[in-house]
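Just below is one structure, and these are the notes that go with it.
Indexing begins at 1, ligand by ligand and atom by atom, following the structure's order.
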Amino acid sequence: MDDKILIIGSSGQIGTELVLKLRKIYGNENVIASDIRKGNYEVMESGPFELLDVMNKNDIAEVVEKYEIKQVYLMAAMLSAIAERNPKKAWDLNMNSLFNILDLAKDKIIDKIFWPSSIAVFGPDTPKMNTPQNTVIKPTTVYGISKLAGENWCAYYHKKYGVDVRSVRYPGVISYKTTPGGGTTDYAVEIFYEAIRKKCYKSFLTEDTTLPMMYMDDAIDATIKLMQVDKNKKYISYNIAAMSFSPKELSKVIKKYVPDFEMNYKPDSRQEIADSWPQSIDDSKANKDWNWKAKVDIDELVRSMLQGLHYTL
Ligand code: SER
């Protein structure tokens, strides 16, 4: 029998699509979606769903027992921009949620965990271009600090208690099924809605702010691929990369398909966060260790987004 899988944060941007893909691979009944709020219609209709607060250890334990869960994908988190407005709350949520799941594995109740890290672990002292797997890691945002601490705790639980936990450092993830909430890379999703609806978009990052980005299909592939690797000898939170672009570069590609599209720029507090992050990422370690390679480039990303949002190309 296949392992039963629990996704926590199934109504979020990545959680939504992860549930749908995992249900396709492992069967609808084997993949339990859970979140603090109900989510996407497809997720709610295609298999089991539980209302679950990731801060409530007992409720998580009950759901794990009820379905005999063996694997958990912990996708609930407070993202970078929102976290700056609620530092203490972000720290509590991002850390306690992780401990709640790590402890279930330490106690041998579950066997395997996926926990996402982010390019936000890097800070202004990190080399900006082709940022290596191992480099200066001194984040200056609350979100980045919580992700770095999380990486260190995962490594600790792996070494000390043999916990099988796996991670990637996601770049900005672009998708159309569920919008992201509270991140610094969100502009690259919002822009598509506004391009279709209003033919113009006011970017909260300057025109030349280049950041690492990835289409959702690649992010999901990386996640599932890493979880399918046979053994997890050493805990590594892998750099993964697909493309890098600035708001101006993205708007140029959108203009190919929406010719009267116009961009304006009015940077806000998110600019400072973006300025502290890398512009491009070296993911050769993931490529070597588990054969990872992104497939979707900027042109295909733009086409898929516009089509996904029902714009006729
Ligand atoms: N996309 C995230 C954010 O902008 C980065 O992990 O916060």
Inset, instruction - Flag yes if more than 12 heavy atoms outside Lys255 fall under 6.0 Å of its NZ atom; otherwise flag no. - result: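 It does: Lys255 NZ has more than 12 such atoms within range.
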
Legend entry - ILVMFWY cluster, Ile298 and Val173 together (side-chain gap under 4.5 Å):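 Each belongs to a different hydrophobic cluster.
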
Legend entry - Linked, directly or transitively: Ile60 and Trp153 (ILVMFWY side chains, under 4.5 Å):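 Hydrophobic grouping puts Ile60 with Trp153.
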
Inset, instruction - Flag the pair Glu151 and Arg169 as a salt bridge only when some basic side-chain nitrogen lies within less than 4.0 angstrom of an acidic carboxylate oxygen. - result: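 Arg169 and Glu151: salt-bridged.
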
Legend entry - Carboxylate-amine/guanidinium contact Arg270 Asp186, below 4.0 Å: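 Judged by the 4.0 Å cut-off on N to carboxylate O distance, Arg270 and Asp186 do not form a salt bridge.
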
Shortest protein heavy-atom distance from [atom], along with the residue and atom involved:
atom	result
atom 1 (N) of ligand 1	Thr185 OG1, 2.8 Å
atom 5 (C) of ligand 1	Ser118 OG, 3.5 Å
atom 7 (O) of ligand 1	Ser80 OG, 2.6 Å
atom 4 (O) of ligand 1	Thr184 N, 2.6 Å

Inset, instruction - Could you see which bit of Ala120 sits under 4.0 Å from ligand 1, with heavy atoms only: side chain, backbone, both or neither? - result: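 It is neither part, as no heavy atom is under 4.0 Å.
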
Within ligand 1, which atoms have a heavy atom of [X] less than 4.0 Å away?
X	answer
Trp277	3 (C), 4 (O), 5 (C), 7 (O)
Leu79	7 (O)
Tyr143	5 (C), 6 (O), 7 (O)

Legend entry - Whether Tyr187 lies under 4.0 Å from ligand 1, heavy atom: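 So Tyr187 does not count as touching ligand 1.
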
Inset, instruction - Please examine the side chains of Lys57 and Asp103, heavy atoms only from C-beta on, and report whether any two atoms are closer than 4.5 Å. - result: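 Yes - at least one pair of side-chain heavy atoms lies under 4.5 Å apart.
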
Legend entry - Side-chain donor-acceptor pair present, Tyr170, Thr223, cut-off under 3.5 Å: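 Tyr170 vs Thr223: donor-acceptor pair found between side chains.
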
